[in-house]
Amino acid sequence: MSITENQESLSPNEAVGANFIRHIIANDLKENKHNGRVATRFPPEPNGYLHIGHAKSICLNFGMAAENNGTCNLRFDDTNPEKESVEFMESIERDVQWLGFKWTELHHASDYFEQLYGYAVELIKQGKAYVDSLSADQMRAYRGTLTEPGKESPDRNRPIAESLDLFHRMRAGEFADGQCVLRAKIDMASPNINMRDPVIYRIRRAHHHRTGNDWCLYPMYDYTHCISDALEGITHSLCTLEFEDHRPLYDWVLDQLQTTYHPQQIEFARLQLEYTIVSKRKLNQLVTEKHVNGWDDPRMPTIAGLRRAGYTPKAIRDFCERIGITKKDSWIEMSVLEYCIRTDLNENSPRVMAVLQPLRIVIENYPADQTELLEIGNHPQRPELGKRNVPFSKVVLIEQDDFAENPPPKYKRLISGGEVRLRGAYVIKCHEVIKDADGRITELRCTYDTDTLGKNPEGRKVKGVIHWVSEEHSLPAEARLYGRLFKLPNPDNEENFLDALNPDSLEILSNCRVEASLANAQPESRYQFERTGYFCLDSVDDIDGKLVFNRTVTLRDNWEKD
RNA sequence: UGGGUCGUCGCCAAGCGGUAAGGCACGGGGUUUUGAUCUCCGCAUACCAAGGUUCGAAUCCUUGCGACCCAGCCA
């Protein structure tokens, strides 16, 4: 397995830290535990889009394999046809690849249905599984509670031949959905509820997105997963903490069947990110009930959403490495993710000027018929990224925020009678503020100092630098400013997580003007709009004659306003 | 109060018996034609608590306390 070529590959300075799984693998390698092999897999169920929590697992699984010259498969855990779909499957493949990973083999648990069935027959023959006719309700009652042991089903000691016959007839479609199940015969008194004769096959007449109507019975996760791992020769089966209690079952199934490989299941804590949720059920609800505009809404913590918002694969990988791998319940602050994307974008995105909320400035002493092409560098620290020509003319647009009639303390932008530098251009001075009937500022009259292009004015210091565009030459654009989707750090704490939704998570600015060089910007291309943030040209929406930009993240702002 | 797991700085996280790495955040200097970047400095006598073992403990033992997960024919 490797990092795909079309993505920025992992650079050596992407620091890798120690974690307990790396230790285990290193130790296994040292002891030649699997003949020196490291084989992992990423096993999503295609019942939703991948999210940032999956990214953690993807980076871990593919990462461990890559670091150790091993393999990593993508395997769809598609054993519940009622919730799964081709759309989800395709989105998952797309997202894993976009993140920069390339699987060794692509598998589907459904490819193993026939083998799985065969193993089940074997279990029955060993007297280790039986067909049970208890209803779901009865089974729940028989299961016992956390503190009391369960009761054995009347069918538990059904003769092997009878279970075998029943199981064949289950497959043949002789029984209704839910009429009977196949159960592993383990221990109804086990303190671990998962070991109280878990169901391993249920009858479900549902169309499967891959096997169609070939089957009317489907294997359960616990039974399927371990065998699939074994079949693929997985050495380290990495999963999240909630499966810790299932490990004895994982091991039990493989022990009974004496499969060639017996992978080691290792559990790690799932990602919890402040102000977001990573429950596929809830994300699905946000989409279905239209609280967001689809799985790829830039506010969604999905890979597709992050991508559309302008996040890079590298930043997400960096994030996954930084947060570490442990078994501890932990909450990651948003600032970590934001730091990662800012770092990547700061280094790699070209700078450009865009005025989000324009204020007109007429430069009175600038010739009306003149246009200058000012050469401005695309990146202050990386001259190799080149320069562009930005037209300058008599009427320019600046940000409304960059002018203040009553400036707060330490304000260093434009004020009445004050001077400010137009980035890459001249120093201007404001002489007159023009307002409409309602007292709103509509225009500023300024003059420019002709001797300040590329040099500081003589005898005085101009501290402020603001961005601008030429009114005549600029392009109309829409900016979508995204904030956090939730207003609370842990939406799951609420009775209803929807109550934690942030009503102001999207602000649309539709009268923006961006510099002319953006005319041929490609969808998904990322820029730093100087002084306002990082933006990405939207890949989906097309507004007639207008460029649509999604704000990925703001620039850090250390200015202490009052 | 059955079973499983976890408790090191505001948030992550190294550490595995030899005397508390690192990152994010935060605070403060410097550079800067982005209040960005960059850079320098500061930031746990302390590792859930209490006992014990040891020359020496975050690391070993004991007992507490706190948190999370499990009673789907979901994964």
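Every chain is numbered from 1, with letters handed out A, B, ... down the list of sequences.
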Can you tell me the distance, in whole Å, between the CZ atom of A:F268 and the P atom of B:G4? 22 Å
A:K327 has an atom NZ; how far is it from atom C1' of B:A13, in whole Å? 17 Å
Give the nucleotide from the list B:C73, B:C12, B:C70 with an atom nearest to the side chain of A:V181. B:C73
Test of ring centre spacing under 6.0 Å for A:H225 and A:Y221: yes
Answer yes or no: does a side-chain N or O of A:H246 lie under 4.0 Å from OP1 or OP2 of B:G4? no
What I'd like to find out is whether the side chain of A:I25 reaches to under 4.5 Å of the side chain of A:E67, using heavy atoms alone. no
Compute the centroid of each ring, for A:W331 and then for A:Y275, and state whether the two points are separated by less than 6.0 Å. no
Strand partner of B:G42, provided both Watson-Crick or wobble distances fall under 3.5 Å: B:C26
5'-most contact on RNA chain B (nearest-nucleotide basis), A:S330 vs A:Y201, goes to A:S330
At 4.0 Å (heavy atoms only), tell me whether A:R140 reaches a base, stays on the sugar-phosphate, or touches nothing. sugar-phosphate
Count the heavy atoms belonging to other residues, nucleotides or ligands that lie under 6.0 Å from NZ of A:K429, then report whether that count exceeds 12. no
Does B:A67 have a Watson-Crick or wobble partner in any strand here, with both distances under 3.5 angstrom, and which is it? B:U5
Tell me whether the side-chain N/O atoms of A:R270 come closer than 4.0 Å to OP1 or OP2 in B:C68. no
Please work out if A:S190 contacts a base, only the sugar-phosphate, or nothing of the nucleic acid, heavy-atom cut-off 4.0 Å. nothing
In terms of relative ring orientation, are A:Y117 and A:W215 parallel, tilted or perpendicular, with 30° and 60° separating the classes? tilted
Choose from B:A71, B:G15, B:C6 the nucleotide whose nearest atom is closest to any side-chain atom of A:L146. B:A71
Opposite nucleotide pairing with B:U33, Watson-Crick or G-U, both atom distances under 3.5 Å: none
Tell me: NZ of A:K280 to P of B:C74, nearest whole Å? 15 Å
Heavy-atom side-chain proximity of A:L182 to A:V199 below 4.5 angstrom: no
Using a heavy-atom cut-off of 4.0 Å across all strands, would you classify A:Y411 as base, sugar-phosphate, or nothing? base
Take atom CE of A:M195 and atom C1' of B:C70, then tell me their distance rounded to the nearest Å. 14 Å
Please determine if a side-chain N or O atom of A:T79 lies less than 4.0 Å away from the OP1 or OP2 oxygen of B:A75. yes
Hey, does A:K410 reach any base, or is it just sugar-phosphate, or nothing, if we go heavy atoms under 4.0 Å? base
Less than 3.5 Å between a donor and an acceptor, one on the side chain of A:R413 and one on the base of B:G35, is that the case here? yes
With a 4.0 Å cut-off on heavy atoms, is A:L345 in touch with a base, just the backbone sugar-phosphate, or nothing at all? nothing
Integer angstrom distance from the C1' of B:C24 to that of B:A57: 30 Å
Measuring only the P atom in each nucleotide, how far is B:C61 from B:G18? A whole number of Å is fine. 16 Å
Say whether A:E274 and A:N490, considering side chains only, have a donor N or O and an acceptor N or O under 3.5 Å apart. no
Quick one: is B:A14 close enough that its OP1 or OP2 comes under 4.0 Å of any side-chain N or O from A:R22? no
Mind checking the C1' distance from B:C11 to B:A50? Whole angstroms is fine. 28 Å
Which part of the nucleic acid does A:F243 contact within heavy-atom distance under 4.0 Å: base, sugar-phosphate only, or nothing? base
Expressed in whole Å, how much space separates the P atoms belonging to B:A13 and B:G23? 16 Å
Which nucleotide in the set B:C74, B:A14, B:C70 lies at the smallest distance from any side-chain heavy atom of A:N19? B:A14
With heavy-atom distances below 4.5 Å as the criterion, would you say the side chains of A:I92 and A:I303 are in contact? no
Which part of the nucleic acid does A:D245 contact within heavy-atom distance under 4.0 Å: base, sugar-phosphate only, or nothing? base
If you measure from the Lys or Arg side-chain nitrogens to the Asp or Glu carboxylate oxygens, is any gap between A:D111 and A:R210 under 4.0 Å? yes
When every nucleotide of nucleotides 21-34 of chain B is labelled 5' to 3' by its protein contacts under 4.0 Å (heavy atoms), B for base, S for sugar-phosphate only, - for none, what sequence of letters results? --SSS-------BB
State which of B:A75, B:A71, B:C12 makes the closest approach to the side chain of A:Y221. B:A75
Here the distance between atom C1' of B:C70 and atom CG of A:N192, to the nearest Å, is 8 Å
Would you mind telling me which of B:C74, B:C73, B:U8 lies closest to the side-chain atoms of A:E45? B:C74
Look through every strand shown and name the nucleotide pairing with B:G72 as Watson-Crick or G-U wobble, where both distances are under 3.5 Å. none
Interatomic distance at P, B:G15 relative to B:G22, whole Å: 14 Å
Side-chain N,O (A:K328) to OP1/OP2 (B:C12) below 4.0 Å: no
Hey, which sits more toward the 5' end of RNA chain B by its nearest nucleotide, A:E274 or A:I325? A:E274
A:F392 CZ to A:L422 CG distance, which is reported to the nearest 0.5 Å: 5.5 Å
Which whole number of Å gives the distance between the C1' atom of B:A14 and that of B:A58? 12 Å
Take the protein atom CD of A:E242 and the nucleotide atom P of B:C74, then report the distance between them rounded to whole Å. 17 Å
Output yes when at least one side-chain N/O atom of A:R382 is less than 4.0 Å from OP1 or OP2 of B:U37, else no. no
Between B:C9 and B:A44 - P atom distance, rounded Å: 12 Å
Quick one: does NZ or CZ of A:R204 land under 6.0 Å from the six-membered ring centre of A:Y218, within 45 degrees of the ring axis? no
With the side chain of A:K83 defined as its heavy atoms from C-beta on, choose the nearest nucleotide among B:G2, B:C74, B:C70. B:C74
As a test of the definition: with a 90° window around 0 for syn, would you call B:G72 syn or anti? syn
Any donor-acceptor pair under 3.5 Å joining the side chain of A:D557 to the base of B:G35? no
Report the C-alpha separation of A:T552 and A:R526 in whole Å, then their side-chain angles, then the decisive distance to 0.1 Å, and conclude whether the side-chain hydrogen bond (donor to acceptor under 3.5 Å, both in side chains) test is met. CA-CA 9 Å; A:T552 313; A:R526 309 175 184 95; over 6 Å; no
Counting the atoms with a prime plus P, OP1 and OP2 as sugar-phosphate, which does A:A18 contact under 4.0 Å by heavy atoms, base, sugar-phosphate, or nothing? sugar-phosphate
Rounding to the closest angstrom, what is the interatomic distance between B:G64 and B:G2 at atom P? 12 Å
Quickly work out the A:F20 CZ to B:G15 C1' distance and round it to whole Å. 16 Å
Applying the Watson-Crick and G-U wobble criteria at under 3.5 Å, what pairs with B:C47? Answer none if nothing qualifies. none
Does A:T145 make a side-chain N or O approach to OP1 or OP2 of B:A71 shorter than 4.0 Å? no
In this structure, how many angstroms lie between the C1' atom of B:G4 and the CG atom of A:L249, rounded? 14 Å
